[in-house]
**Student:** 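Could you have a look at this structure, given as structure tokens, before my questions?
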Amino acid sequence: MDAHADAATPALRLAQDAEADELLSRSRLAALVGMLLDQQVPMEWAFKGPATIARRMGAEDLDAHEIAAQDPEAFAALLSEKPAVHRYPGSMAKRIQQLCQYLVEHYDGDAEDVWRDVESGAELLKRLQELPGFGRQKAQIFLALLGKQLGVRPKGWREAAGAYGEASAFRSVADITGPESLAKVRAHKQEMKAAAKAAKGTKGGAAE
């Protein structure tokens, strides 16, 4: 199937905030940056980040070339302004710049070029994992988001996304389309945390 099956602009609902979601819906770089920020903070906080960064830079969108060229200390200060873009604004500012520098070097700053000509889900997963700050799990979640909500569906995309690519699942941001699905994803994450904690406790008890 064509990697660009859906021509219409999608309406993402990841930040649960009109301004932030509008930017995420039209800017692929914003979506990538939001995914990068999605760790150790609530999902909505992470995906509001791109709009906050753009607003503080006096822009309507994020530009990889511009962010890559920013003075690191100044960019970190921009993310640290209250309310901070992330719980760890300094380290995340560095990661965002690294991501943008990589996009400039390998894709001329065009985030969509990461998947524009891919022929398979496996190739797309490989490209996503090569992005700074994207481990396998984050890459699979973003791949699932591309397939489920952004119409990017190269052959084998669900398989490459692993469990996150399953239909009718509520495992990650790829499945969030509004408050109800957000609640389901959050409940799933809490279940996973509880199961991991229980497993750790069982292992610790067995070792004593």
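Residues: numbered from 1 along the sequence shown. Being a predicted model, the structure only gives us computed values, none of them experimental.
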**Student:** Does the pair Arg127 and Asp113 meet the rule for a salt bridge (charged side-chain N to carboxylate O under 4.0 Å, His left out), with working shown?
**Tutor:** CA-CA 10 Å; Arg127 288 191 183 189; Asp113 265 3; over 6 Å; no
**Student:** Would Tyr107 end up clustered with Leu125 when hydrophobic side chains under 4.5 Å apart are linked, directly or stepwise?
**Tutor:**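 Tyr107 clusters together with Leu125.
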**Student:** Which heavy-atom pair separates Pro154 from Glu119 by the least distance, and what is that distance?
**Tutor:**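 For Pro154 and Glu119, the tightest heavy-atom pair comes out as CB-C, 4.1 Å.
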**Student:** Could you tell me whether a side-chain N or O of Glu22 sits under 3.5 Å from a main-chain N or O of Ala18, the two making a donor and an acceptor?
**Tutor:**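 Here the side-chain-to-backbone pair does not exist.
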**Student:** Starting at NE2 of His86, measure out to OG1 of Thr52 and round the result to the nearest 0.5 Å.
**Tutor:** 12.5 Å
**Student:** Should Leu12 and Leu150 count as side-chain neighbours, where that means a heavy-atom distance under 4.5 Å?
**Tutor:** yes
**Student:** Between Leu99 and Leu79, is there shared hydrophobic-cluster membership here, with clusters defined by ILVMFWY side-chain heavy atoms closer than 4.5 Å?
**Tutor:**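 In one cluster with Leu99: Leu79, yes.
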**Student:** Any chance you could lay out the side chain to side chain contact (heavy atoms under 4.5 Å, CB included) test for Thr177 and Gln149, step after step, and finish with the verdict?
**Tutor:** CA-CA 9 Å; Thr177 55; Gln149 298 199 50; 4.0 Å; yes
**Student:** Please report the shortest heavy-atom distance between Gly34 and Pro50, naming the atom on each side.
**Tutor:**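 Shortest heavy-atom separation between Gly34 and Pro50 comes out as N-CG, 3.6 Å.
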**Student:** Which pairs count as salt bridge (charged side-chain N to carboxylate O under 4.0 Å, His left out) when at least one residue sits in residues 95-106, sequence neighbours excluded?
**Tutor:**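 Non-adjacent pairs meeting salt bridge (charged side-chain N to carboxylate O under 4.0 Å, His left out): zero.
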**Student:** Of all the heavy-atom pairs spanning Leu36 and Pro132, show the shortest one and how long it is.
**Tutor:**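 Result for this residue pair: CD1-O, 3.9 Å.
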**Student:** Just by distance, no angles: are the side chains of Gln137 and Tyr164 close enough, under 3.5 Å, to form a donor-acceptor pair?
**Tutor:**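 Yes.
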**Student:** Going by side chain to side chain contact (heavy atoms under 4.5 Å, CB included), name the residues that satisfy it together with Glu60, two or more places apart in sequence or in a different chain.
**Tutor:** Arg26
**Student:** Would you call the rings of Phe142 and Phe134 parallel, tilted or perpendicular, taking 30° and 60° as the class edges?
**Tutor:**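 Because their plane-to-plane angle is over 60°, the rings of Phe142 and Phe134 count as perpendicular.
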**Student:** Report the C-alpha distance between Asp110 and Arg28 in whole Å, list the side-chain angles of each, state the deciding distance to 0.1 Å, and finish with yes or no for salt bridge (charged side-chain N to carboxylate O under 4.0 Å, His left out).
**Tutor:** CA-CA 8 Å; Asp110 187 348; Arg28 298 299 170 258; over 6 Å; no
**Student:** What closest approach, in Å, do Gly109 and Ala64 show between heavy atoms, and which atom pair accounts for it?
**Tutor:** O-CB, 3.6 Å
**Student:** I need the Gln140 CD to Leu124 CG distance, nearest 0.5 Å.
**Tutor:** 11.0 Å
**Student:** In Å, rounded to the nearest 0.5 Å, how long is the span from CD1 of Ile53 to CD1 of Ile96?
**Tutor:**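 One gets 4.0 Å once the value is rounded to the nearest 0.5 Å.
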**Student:** Taking only Lys NZ, Arg NE, NH1 and NH2, and the carboxylate oxygens of Asp or Glu, determine whether Lys184 and Asp175 approach each other closer than 4.0 Å.
**Tutor:**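 Looking at Asp175 together with Lys184, the answer is no, because their closest N to O distance does not fall below 4.0 Å.
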**Student:** Identify the heavy atoms of Ala161 and Leu143 that sit nearest to each other, and give their distance.
**Tutor:** CB-CD2, 4.0 Å
**Student:** If you group Ile, Leu, Val, Met, Phe, Trp and Tyr by side-chain heavy-atom gaps below 4.5 Å, do Val152 and Val33 land in one group?
**Tutor:**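 Yes.
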**Student:** How about Lys94: does its NZ atom have over 12 heavy atoms from other parts shown lying under 6.0 Å from it?
**Tutor:** no
**Student:** Using the rule given for side chain to side chain contact (heavy atoms under 4.5 Å, CB included), can you reason through Gln39 versus Lys138, listing the C-alpha separation, both sets of side-chain angles and the distance that settles it, and then say yes or no?
**Tutor:** CA-CA 9 Å; Gln39 56 190 67; Lys138 192 178 287 288; 3.4 Å; yes
**Student:** For the CD atom of Glu112 and the CG atom of Leu32, what is their distance to the nearest 0.5 Å?
**Tutor:** 10.5 Å
**Student:** So which atom in His188 and which in Phe170 form the shortest heavy-atom distance, rounded to 0.1 Å?
**Tutor:**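 Reported closest heavy-atom pair: CB-O, 3.2 Å.
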**Student:** Does a side-chain heavy-atom distance below 4.5 Å link Phe75 with Met57?
**Tutor:**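 Contact flag for Phe75/Met57 side chains = yes.
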**Student:** Test of understanding: with salt bridge (Lys or Arg N to Asp or Glu O under 4.0 Å), list the residues that count as partners of Glu166, not counting sequence neighbours.
**Tutor:** Arg171
**Student:** Is any side-chain heavy atom of Trp157 closer than 4.5 Å to one of Leu146?
**Tutor:** no
**Student:** Give the cluster check for Val114 versus Val104: same hydrophobic cluster or not, with ILVMFWY residues linked at side-chain heavy-atom distances below 4.5 Å.
**Tutor:** no
**Student:** Could you go through the side chain to side chain contact (heavy atoms under 4.5 Å, CB included) check for Leu78 and Val85 one step at a time?
**Tutor:** CA-CA 9 Å; Leu78 184 143; Val85 168; 5.8 Å; no
**Student:** Considering residues at least two apart in sequence or located in another chain, which fulfil the side chain to side chain donor-acceptor pair (under 3.5 Å) criterion with Ser27?
**Tutor:** Asp61
**Student:** Checking side-chain contact (heavy atoms from CB on, under 4.5 Å) between Phe47 and each of Val41, Asp21, Leu37, Leu24, which is the one that passes?
**Tutor:** Leu24
**Student:** According to salt bridge (charged side-chain N to carboxylate O under 4.0 Å, His left out), does anything in residues 38-56 pair up with another residue at least two apart or in another chain? List the pairs.
**Tutor:**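 Residue pairs passing salt bridge (charged side-chain N to carboxylate O under 4.0 Å, His left out), neighbours aside: Glu19-Arg55, Glu44-Arg186, Arg56-Glu81.
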**Student:** Going from CG on Leu14 to CE on Met43, what distance comes out if it is rounded to the nearest 0.5 angstrom?
**Tutor:**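 One gets 9.5 Å once the value is rounded to the nearest 0.5 Å.
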**Student:** Can you tell me how far the CD atom of Gln101 sits from the NE2 atom of His65, to the nearest 0.5 Å?
**Tutor:**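 Rounded to the nearest 0.5 Å, the CD-NE2 separation comes to 11.5 Å.
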**Student:** Under the salt bridge (Lys or Arg N to Asp or Glu O under 4.0 Å) test, which residues partner Glu66, sequence neighbours left out?
**Tutor:** none
**Student:** Apply the test side chain to side chain contact (heavy atoms under 4.5 Å, CB included) to residues Val173 and Val185: give CA-CA distance (whole Å), side-chain angles for both, the deciding distance (0.1 Å), then the verdict.
**Tutor:** CA-CA 8 Å; Val173 298; Val185 170; over 6 Å; no
**Student:** What I'd like to find out is whether the side chain of Leu29 reaches to under 4.5 Å of the side chain of Cys100, using heavy atoms alone.
**Tutor:** yes
